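This report concerns only the one structure given below.
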Amino acid sequence: MKMMHAMLLALLPATLHAIYAYRQRALLMVVTGVLSAMAAEALFQKLAGRKPTVTDGSAAVTGLLLALAVSVSTPLHAIAVSAAFGIVA
């Protein structure tokens with residue numbers, strides 16, 4: 001198992017607890033963070049002419065960690081922009 005996939009597995013209990021505690025809002029935050037980070041990585045690598053590495057899990061870990069670290073009242077667009085910036089920068 002690759003390291004980033006193991007990290008996603010290790011974050012699963014915290015993610016499930018967040019979804020249990022905050023319901024749909026937490027789920028939306030997690031999905032927004034992960035998808036935004038993965039999309040930003042794919043887009044940046046395509047623009048840079050690099051081989052895509054979206055499947056290595058690093059962007060998903062970045063988006064998930066961001067979604068779990070911010071307040072539940074954080075706007076979804078702020079999570080999306082932060083995830084993209086975290087990948088590109």
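Any value given below was found using the heavy atoms of this structure, including those in side chains, with hydrogens, waters and symmetry copies removed. All of these numbers come straight from a predicted model, not from anything done at the bench.
Taking hydrophobic clusters as Ile, Leu, Val, Met, Phe, Trp and Tyr residues chained together by side-chain heavy-atom distances below 4.5 Å, Leu66 does not share a cluster with Leu11. There is a path of hydrophobic side-chain contacts, each under 4.5 Å, that joins Leu16 to Leu9. Neither Val70 nor Leu65 shares a network with the other; the hydrophobic side chains, linked directly or stepwise wherever heavy atoms of I, L, V, M, F, W or Y lie under 4.5 Å apart, form separate groups for each. Taking hydrophobic clusters as Ile, Leu, Val, Met, Phe, Trp and Tyr residues chained together by side-chain heavy-atom distances below 4.5 Å, Val30 shares a cluster with Met7.
The shortest heavy-atom contact between Ala18 and Ala26 is O-CB, 3.4 Å. Among all heavy-atom pairs drawn from Ala78 and Thr74, the shortest one is CB-CG2, 4.0 Å. Looking at every heavy atom in both residues, Gln45 comes nearest to Lys51 through OE1-O, 3.7 Å. Of all heavy-atom pairs between Ala80 and Ser36, the closest is CB-OG, 3.3 Å.
Results of the side chain to side chain contact (heavy atoms under 4.5 Å, CB included) test with Ser58 over Asp56, Val61, Val54 single out Asp56 as the only residue that passes.
A side chain to side chain donor-acceptor pair (under 3.5 Å) check over residues 9-27, counting only residues at least two apart or in different chains, returns nothing.
Rounding to the nearest 0.5 Å places OG1 of Thr32 at 4.5 Å from CG of Leu76. Rounded to the nearest 0.5 Å, atoms OG (Ser73) and CE (Met29) are 8.0 Å apart. Considering CG of Leu8 and CG of Leu64, their distance stands at 6.5 Å, rounded to 0.5 Å. With rounding to the nearest 0.5 angstrom, the OG1 atom of Thr53 is 10.0 Å from the CE atom of Met38. Rounding to the nearest 0.5 Å gives a distance of 10.0 Å between CG of Leu28 and CD1 of Ile19. Expressed to the nearest 0.5 Å, how far CZ of Arg50 lies from CD of Glu41 amounts to 10.0 Å.
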